[in-house]
Amino acid sequence: MADALTWAGETPVERSARPRLWWEVAIVLGLSLGQSAIYSIVTIIDRATQSTPLADQKAEVNPAQSSREVFDFLYQVLGNLFPLFAVALVVYLLWQPQRSGFRRIGFDLTRPARDLGGGALLFLVIGIPGILFYALSRLLGITVTVEASTLDAHWWTVPVLILAALRAALQEEVIIVGYLFTRLRQLGWGTWAIILGAAVLRGSYHLYQGFGPFVGNAIMGIVFGWCYTRWGRVMPLVVAHTIIDIVSFVGYPLAVALFPHIFA
């Protein structure tokens, strides 16, 4: 509860300081997930205006980067490590003289048991229904076939997919929740305006997968955002998101084998 009160205690800055914060937010998003959102919006317009129905189109999340194994491995690792510099950037920007950026958004190891428990609970509440919602949206024809991994089977395939899951969790939860919630609070936004605005942004950079994932991820954003305002900690969100993506990425081949008409 103390951490939640700390987040609620983020007070709006003076109006003269707000333009600088808006520019900072724009730059951060332009270098990270805001850029992904723009590309995703353009992609869904492209997909929706093609003669091929969305249900017959495909989107690859973790595609192979090279036909040669060693270079595929290197590209995969580099492609998952460099986006983390944006995560490091926002933690740095949130740093205060008496409080680190990690502590400010609850991205630390001070409460491991509670964070793991909260993350597991969120996985059960959001992760499993989210997978079912994707299956339903596929049956309704409003979502493309999302190939969570097209990597060949190598000794490094599973570790790389786990790294990809962790990277996505850190990007989305630290930047979109920890950083953006803090800055929008300082810019004078109300709690629900922040939650809904961030949720729409979260959904928008998944639009390349279709309208179903947009809705599903926006709902996830609302739940995660509400939990952050209650808990004041990003770490449980990172745990839950990592588990969700590991299950999706690593379990994709099994899902295709069991339910080819939905996932293949």
Side-chain angles (χ1 to χ4, degrees), residues 1-8 10 25 28-29 32-34 36-37 80 83-84 86-91 93-94 99-131 133 162-185 189 191-206 213-249:
M1 180 62 71
D3 287 325
L5 292 175
T6 298
W7 181 82
E10 296 284 354
V25 170
V28 166
L29 293 181
S32 58
L33 294 169
S36 300
N80 283 299
L84 296 181
V87 177
L89 173 63
V90 299
V91 173
L93 291 172
L94 291 175
R99 185 169 48 157
S100 73
F102 297 104
R103 177 64 177 173
R104 190 173 180 183
I105 61 175
F107 183 47
D108 53 32
L109 300 176
T110 57
R111 301 183 181 183
R114 291 178 62 178
D115 290 340
L116 288 173
L121 176 62
L122 280 175
F123 168 70
L124 295 176
V125 172
I126 288 294
I128 295 176
I131 294 173
F133 182 79
I162 292 174
L163 175 62
L166 179 60
R167 182 265 306 157
L170 291 173
Q171 273 188 297
E172 297 190 41
E173 308 315 329
V174 174
I175 296 175
I176 299 302
V177 179
Y179 168 77
L180 192 58
F181 273 48
T182 300
R183 287 299 189 239
L184 292 180
R185 171 72 85 179
W189 286 38
T191 298
W192 276 104
I194 295 173
I195 292 174
L196 294 175
V200 170
L201 176 58
R202 184 189 294 260
S204 67
Y205 54 74
H206 288 92
F214 168 82
V215 174
N217 279 279
I219 293 173
M220 175 179 172
I222 292 172
V223 175
F224 274 31
W226 181 83
C227 288
Y228 181 69
T229 62
R230 299 286 294 179
W231 299 340
R233 295 186 60 76
V234 159
M235 190 60 80
L237 313 184
V238 172
V239 170
H241 196 142
T242 302
I243 296 174
I244 292 171
D245 281 1
I246 288 175
V247 171
S248 300
F249 297 167

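Rounded to the nearest 0.5 angstrom, L163 CG and F249 CZ are separated by 10.5 Å. Between R230 atom CZ and T191 atom OG1 the span is 11.0 Å, to the nearest 0.5 Å. Atoms CG and CD1, on L124 and I243 in that order, are 8.5 Å from each other to the nearest 0.5 Å. To the nearest 0.5 Å, the span separating CG on L89 from CG on L84 amounts to 12.5 Å.
Residues Y179 and V25 form a side-chain contact, since some pair of their non-hydrogen atoms from C-beta on lies under 4.5 Å apart. For the pair R202/E172, a side-chain contact is recorded, criterion being any heavy-atom separation below 4.5 Å from C-beta on. Between F123 and V247, the closest side-chain pair of non-hydrogen atoms falls below 4.5 Å. Two residues are said to be in side-chain contact when any heavy atoms from C-beta on lie closer than 4.5 Å; T110 and R103 meet this criterion. Side chains of Y205 and I176 form a contact here, defined as non-hydrogen atoms less than 4.5 Å apart.
In this view, V91 and W95, F102, V174 satisfy the side-chain contact (heavy atoms from CB on, under 4.5 Å) rule, not counting sequence neighbours. Qualifying salt bridge (charged side-chain N to carboxylate O under 4.0 Å, His left out) partners for R183, counting only residues two or more places apart in sequence or in other chains: E24. Evaluation of the side-chain contact (heavy atoms from CB on, under 4.5 Å) rule for L166 yields L170, T242 as partners, not counting sequence neighbours. Residues forming a side-chain contact (heavy atoms from CB on, under 4.5 Å) with V200 (at least two apart in sequence, or on another chain): none. Here V223 pairs with L122, I126, C227 under the side-chain contact (heavy atoms from CB on, under 4.5 Å) rule; sequence neighbours left out.
Among L109, I105, D108, the one residue that satisfies the side-chain contact (heavy atoms from CB on, under 4.5 Å) test with M235 is L109. For the side-chain contact (heavy atoms from CB on, under 4.5 Å) criterion with H241, the lone passing option out of V238, L237, D245 is D245.
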field: Worked check of side-chain contact (heavy atoms from CB on, under 4.5 Å) between L201 and L33
entry: CA-CA 9 Å; L201 176 58; L33 294 169; 5.8 Å; no
field: Worked check of side-chain contact (heavy atoms from CB on, under 4.5 Å) between F181 and T229
entry: CA-CA 9 Å; F181 273 48; T229 62; 4.1 Å; yes
field: Residue pair I195, W189: steps toward the side-chain contact (heavy atoms from CB on, under 4.5 Å) verdict
entry: CA-CA 10 Å; I195 292 174; W189 286 38; over 6 Å; no
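Pairs of residues two or more places apart, or lying in two chains, that qualify as salt bridge (charged side-chain N to carboxylate O under 4.0 Å, His left out) and include a residue from residues 115-130 are D115-R233.
Side-chain contact, E173 with Y228: no donor N or O sits under 3.5 Å from an acceptor N or O.
The two residues A199 and G221 have their closest heavy-atom pair at CB-C, 3.9 Å. Of all heavy-atom pairs spanning G118 and P236, the tightest one is C-CB, 4.2 Å. Minimum interatomic distance between R104 and L94 (heavy atoms only, all atoms of both residues): NH1-O, 2.9 Å. Closest non-hydrogen pair, L180 versus A198, comes out as CD2-CB, 4.4 Å.
We find that E10 and R99 are joined by a salt bridge, their nearest charged nitrogen and carboxylate oxygen being less than 4.0 Å apart.
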